Amino acid sequence: MSIRVENASYTYGLRTPFEKEALFDINLEINKGEMWLIVGHTGSGKTTLISLMNGLLLPQSGDVKVEGMSTKDKRINIKDIRKKIGIVFQYAESQFFLPTVKEEILFGPNNFGIELTEEQIKYYLDLVNLPLDYLDKNPFELSGGEMRKVAIISILSYNPEYIIFDEPTVGLDYCTKQSIFSLIKDLHDLGKTIIVSTHWINEFANFKPKVFLLKEGRELFKGEFNDFILLDEKLLFDAGIILDEKLQLYKCAVKRGQKDLAEKISAL
């Protein structure tokens with residue numbers, strides 16, 4: 001079972017004076033249980049690609065298949081695809097439109113015909129370290145980190161098999177960032193397929209995810225984390241990727257075949 005992107009291309013404003021190519025001939029397969037980073041400069045096509053994955057956008061050429069279901073197949077109910085793939089967008093407030101946290105959490109399950117018990121709701125609150133009394137709060141009155149956590153629960157609540165995080169740590173303080181990283185690890189350990197769209201890779205080194213690198217809508221690299229780290233630094237820099245001091249040390253250890261040292265560095 002997987003998400004398959006097959007020769008997919010997408011252009012905004014197609015056949016208008018404002019035409020802008022966002023993705024060209026993209027091929028990617030994400031298998032169940034894997035963790036992937038989709039990386040590149042702002043404007044490289046990351047958000048367009050994740051929008052293709054759950055049918056928010058449809059490829060203008062090529063195809064996207066989720067567990068064999070094409071997002072372009074009009075015989076398939078697109079809700080069956082979206083139930084499998086949840087997206088936590090960069091700006092949590094863009095997902096909210098209901099007056100209480102509880103209603104936001106229940107919206108997804110209700111939309112997919114799923115009944116959520118009070119016990120399950122409490123489980124999800126505990127998972128992101130939010131108190132039970134937050135259920136009656138207005139989501140727009142929460143802090144940025146708390147809003148991000150509610151957005152995550154609103155996706156987890158209908159139990160998708162693939163979870164996409166769009167720039168999950170942007171604008172968060174250090175402690176909240178760490179709690180988000182911990183949650184991503186917990187979800188992956190529970191067997192969820194995790195896809196993270198970001199232009200910062202330093203924060204995810206200890207996860208050793210697979211990496212898909214985009215530049216101006218084109219695939220620049222696809223493969224294992226260590227192979228990605230060993231790419232030419234000018235190529236990475238031109239694609240918006242800068243290795244911090246920790247990753248420079250990690251790269252040196254990998255180059256020298258010092259696996260134990262590399263593991264220690266990545267865990268820092």
Side-chain angles (χ1 to χ4, degrees), residues 1-32 34-74 76 78-82 84-91 94-95 155 160-168 170 193-201 204 209-225 227-228 231-232 234-242:
M1 295 297 190
S2 65
I3 300 172
R4 292 177 61 93
V5 182
E6 302 172 347
N7 305 109
S9 298
Y10 190 87
T11 298
Y12 291 99
L14 188 64
R15 292 185 286 275
T16 76
F18 307 102
E19 187 171 297
K20 184 183 186 316
E21 185 181 67
L23 290 174
F24 178 76
D25 199 29
I26 299 299
N27 287 279
L28 176 63
E29 181 170 11
I30 297 175
N31 293 304
K32 256 191 178 176
E34 292 179 337
M35 181 184 290
W36 279 82
L37 292 187
I38 299 174
V39 299
H41 260 308
T42 299
S44 61
K46 302 188 301 296
T47 299
T48 303
L49 179 55
I50 64 175
S51 296
L52 290 176
M53 287 181 182
N54 86 333
L56 288 173
L57 297 175
L58 301 179
Q60 291 151 340
S61 62
D63 206 352
V64 176
K65 295 177 181 175
V66 178
E67 300 190 354
M69 297 183 291
S70 169
T71 61
K72 295 170 71 174
D73 189 342
K74 294 181 180 179
I76 290 173
I78 197 67
K79 284 176 68 173
D80 291 337
I81 290 175
R82 291 177 181 162
K84 292 181 178 293
I85 302 178
I87 301 180
V88 181
F89 288 100
Q90 177 177 348
Y91 299 105
S94 68
Q95 292 180 235
I155 298 302
E161 295 163 41
Y162 305 85
I163 304 174
I164 300 174
F165 293 88
D166 186 13
E167 299 286 3
V170 167
T193 306
I194 303 294
I195 303 158
V196 181
S197 167
T198 184
H199 61 277
W200 297 106
I201 63 162
F204 295 93
K210 294 187 176 183
V211 182
F212 188 77
L213 175 61
L214 283 164
K215 182 183 178 184
E216 297 176 353
R218 265 77 170 168
E219 174 189 325
L220 209 57
F221 172 86
K222 174 173 59 190
E224 300 297 328
F225 186 80
D227 295 329
F228 171 75
L231 290 174
D232 178 74
K234 185 178 185 308
L235 180 148
L236 290 174
F237 181 80
D238 289 344
I241 305 299
I242 299 173

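Here the structure is a predicted model, which means the values were calculated and not measured.
- Rounding to the nearest 0.5 Å gives a distance of 9.5 Å between OG of Ser9 and CG of Leu52.
- Between Phe165 and Ile87 there is no side-chain heavy-atom pair separated by less than 4.5 Å.
- Donor-acceptor pairing under 3.5 Å is lacking for the side chains of Thr11 and Glu21.
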**Item:** Trace of the side chain to side chain contact (heavy atoms under 4.5 Å, CB included) decision for Ser2 with Ile30
**Value:** CA-CA 5 Å; Ser2 65; Ile30 297 175; 5.9 Å; no

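- Every pair passing salt bridge (Lys or Arg N to Asp or Glu O under 4.0 Å) that includes a residue from residues 22-31 is listed here, sequence neighbours excluded: Arg4-Glu29.
- Separating the CG atom in Asp166 from the OG1 atom in Thr198 is a distance of 9.0 Å, to the nearest 0.5 Å.
- Lys210 contributes atom NZ, which lies 12.5 Å from atom CD1 of Ile195 (distance to the nearest 0.5 angstrom).
- In this structure, OG1 in Thr71 is found 9.0 Å from CD1 in Ile76, a value given to the nearest 0.5 Å.
- With a 4.5 Å cut-off on side-chain heavy atoms, Leu14 and Gln60 count as touching.
- Within the 4.5 Å cutoff, no side-chain heavy atoms of Leu220 are placed close to those of Leu214.
- Nearest heavy atoms, Met53 versus Ile81: O-CG2, 4.2 Å.
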**Item:** Verdict with reasoning, Leu37 to Leu213, per side chain to side chain contact (heavy atoms under 4.5 Å, CB included)
**Value:** CA-CA 8 Å; Leu37 292 187; Leu213 175 61; over 6 Å; no

**Request:** Decide side chain to side chain contact (heavy atoms under 4.5 Å, CB included) for Ile26 and Leu49; before the verdict, give the C-alpha distance in whole Å, the side-chain angles of both, and the deciding distance to 0.1 Å.
**Result:** CA-CA 9 Å; Ile26 299 299; Leu49 179 55; 4.2 Å; yes

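- The shortest distance between side-chain heavy atoms of Trp36 and Pro209 does not fall below 4.5 Å.
- In this structure the side chain of Thr47 never reaches within 4.5 angstrom of the side chain of Glu167, judged on heavy atoms.
- Closest approach of Ala8 and Pro59 over heavy atoms only: CB-CB, 4.1 Å.
- Using modelled atom types, no side-chain atom of Lys72 and backbone atom of Ser61 make a donor-acceptor pair closer than 3.5 Å.
- At least one side-chain heavy atom of Ile85 sits under 4.5 Å from a side-chain heavy atom of Val66.
- Atom OH of Tyr12 sits in a crowded spot, with more than 12 heavy atoms from other residues, nucleotides or ligands closer than 6.0 Å.
- Closest approach of Asn31 to Glu34, counting heavy atoms only: N-OE1, 2.9 Å.
- Within the model, atoms NZ of Lys215 and CD1 of Ile241 stand 11.5 Å from one another, a figure rounded to the nearest 0.5 Å.
- Taking all atoms of both residues into account, the shortest heavy-atom contact from Phe237 to His41 is O-NE2, 4.2 Å.
- Inter-residue side-chain proximity for Val5 and Asn27 is flagged as unmet; no heavy-atom pair is nearer than 4.5 Å.
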**Message:** Evaluate Tyr10 against Leu57 for side chain to side chain contact (heavy atoms under 4.5 Å, CB included), listing each step before the verdict.
**Reply:** CA-CA 9 Å; Tyr10 190 87; Leu57 297 175; 3.6 Å; yes

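- Taking 4.5 Å as the limit, every side-chain heavy atom of Leu236 sits out of range of all side-chain heavy atoms of Phe221.
- Separating the CG atom in Leu28 from the CD1 atom in Ile3 is a distance of 8.5 Å, to the nearest 0.5 Å.
- Annotation: salt bridge (Lys or Arg N to Asp or Glu O under 4.0 Å) contacts involving residues 44-67, sequence neighbours excluded, comprise Glu6-Lys65, Lys32-Glu67, Glu67-Lys84.
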